[in-house]
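Remarks on the structure that follows.
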Amino acid sequence: MKFFIDTANLQQIKEAYDLGVLDGVTTNPSLMAKEGISGEQNVINHYKAICDIVDGDVSAEVISTDFDGMVKEGEQLAALNDKIVVKVPMIKEGVKAIKYFSSKGIKTNCTLVFSAGQALLAAKAGATYVSPFIGRLDDVSTDGLQLIEDIRLIYDNYGYETQILAASVRHAMHIVNCAKIGADVITGPLSAITALLKHPLTDNGLAQFLADHAKAAGK
Ligand code: G3P
């Protein structure tokens, strides 16, 4: 299973990368705005800076909502670095754009996916990744993990190669459950990834080992 970090914060991306378990980065316009990144050149420079840190795919989202605009933006983004994956919303024009990018060998991430039907369309259009937002579904009392399970079944039925990128992951158990179901990738905040480290028995056990060692050494 691949781990992506869902942020545009360079410090957090570096911290996750230094941990040695990071496979890529996802961003979106809200996450870029949160870091105060605006203006075409600043956005481009920021994507370049992210690509310089990580060794893996970096999703960069288009802002246009029409086919021509998405193609223009996506081609510009893809030209920045081989790591760039063009993130395209699950709308009619987006599906057409994904099909176009796929025919040109440009990697895509179909975002804002909330149903199995949308995921099926994304796969048929040739998306590299599909991003079901599990946390946002949970927020509205709908089972986000069930959607991952449904998409897994559909993709396996037909051998679609589109990778299921579980997005809007909020906590460690989302990650563990996505792994059990067979999501190919999760993307979440650094806090969800580092929460996987935590277990009180690990902390207690280590404290005991160190105390026993010190005692034996006569300290
Ligand atoms: O990047 C897309 C997705 O992961 C957003 O997550 O937490 O804003 O629902 P969230």
Side-chain angles (χ1 to χ4, degrees), residues 1-13 15-17 21-38 43 46-47 49-51 53-54 56-65 70 73-74 77 83-91 94-95 97-98 107-116 118-119 121-122 127-148 151-152 162-179 181 183-196:
M1 181 193 230
K2 290 191 230 173
F3 279 16
F4 289 179
I5 188 168
D6 196 29
T7 184
N9 182 287
L10 298 181
Q11 195 54 45
Q12 289 185 18
I13 293 169
E15 196 178 328
Y17 185 71
V21 299
L22 191 69
D23 300 297
V25 177
T26 52
T27 63
N28 62 40
S30 302
L31 293 171
M32 294 290 275
K34 195 173 163 193
E35 299 307 315
I37 311 298
S38 65
V43 167
H46 203 73
Y47 285 135
I50 293 174
C51 290
I53 298 173
V54 296
D57 285 347
V58 175
S59 284
E61 189 158 341
V62 296
I63 306 299
S64 302
T65 54
M70 286 185 196
E73 256 187 82
L77 289 167
K83 297 173 187 170
I84 293 286
V85 176
V86 181
K87 204 172 180 188
V88 179
M90 171 36 80
I91 55 175
V95 172
I98 288 168
K107 293 177 285 186
T108 53
N109 176 353
C110 182
T111 189
L112 289 166
V113 166
F114 294 94
S115 77
Q118 291 178 324
L121 268 181
T128 314
Y129 298 100
V130 65
S131 286
F133 279 25
I134 63 172
R136 291 193 195 186
L137 281 170
D138 289 354
D139 288 345
V140 294
S141 306
T142 304
D143 190 350
L145 289 168
Q146 182 61 52
L147 176 58
I148 301 293
I151 299 171
R152 180 77 283 154
T162 299
Q163 295 176 56
I164 303 173
L165 196 175
S168 188
V169 158
R170 302 275 170 77
H171 48 73
M173 281 314 292
H174 266 158
I175 300 177
V176 172
N177 285 322
C178 281
I181 293 166
D184 299 291
V185 192
I186 61 89
T187 191
L190 181 61
S191 59
I193 296 170
T194 55
L196 293 171

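Atoms within each ligand, like the ligands themselves, are counted from 1 in listed order. Because the structure is a prediction, the values reported are computed rather than measured.
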Asp138 and Gly144 have their tightest heavy-atom pair at OD1-N, 2.9 Å

Tightest non-hydrogen contact, residues Ala8 and Leu31, listed as CB-O, 3.7 Å

When every non-hydrogen atom of Leu190 is compared with those of Ala16, the smallest separation belongs to CD1-CB, 3.8 Å

In ligand 1, the atoms that come under 4.0 Å of a heavy atom of Asp6 are 1 (O), 2 (C), 3 (C), 4 (O), 5 (C), 6 (O)

TODO: Could you tell me whether Thr187 and ligand 1 have an N or O pair separated by under 3.5 Å?
DONE: no

For Arg136, the ligand 1 atoms with a heavy-atom partner under 4.0 Å come out as 5 (C), 8 (O), 9 (O), 10 (P)

Item to complete: Check whether any N or O atom of Thr111, backbone or side chain, sits under 3.5 Å from an N or O atom of ligand 1, and answer yes or no.
Response: no

Where the side chain of Asp23 meets the backbone of Phe4, is there a donor-acceptor pair that is under 3.5 Å apart?
-> no

Looking at Ser168, Gly188, Ala166, Ser59, the heavy atom closest to atom 6 (O) of ligand 1 belongs to Ser168

Within 4.0 Å of some non-hydrogen atom of Lys87, the atoms of ligand 1 are 1 (O), 2 (C)

Would Asn28 count as a contact residue for ligand 1, given that I'm defining contact as a non-hydrogen atom of the residue lying under 4.0 Å from a ligand atom?
yes

message: Is it true that Glu35 and Asn9 share a donor-acceptor pair across their side chains at a distance under 3.5 Å?
response: yes

With only distance considered, is Thr27 within less than 3.5 Å of ligand 1 through an N or O on each side?
-> no

When you measure from the side chain of Glu73 to the backbone of Ile63, do you find a donor-acceptor pair of N or O atoms at a distance under 3.5 Å?
yes

Atom 2 (C) of ligand 1 has as its nearest protein heavy atom Phe133 CZ, 3.3 Å

If you scan protein heavy atoms around atom 7 (O) of ligand 1, the nearest is Arg170 NE, 3.2 Å

Between Thr27 and Ser59 the two heavy atoms that sit nearest each other are OG1-O, 2.7 Å

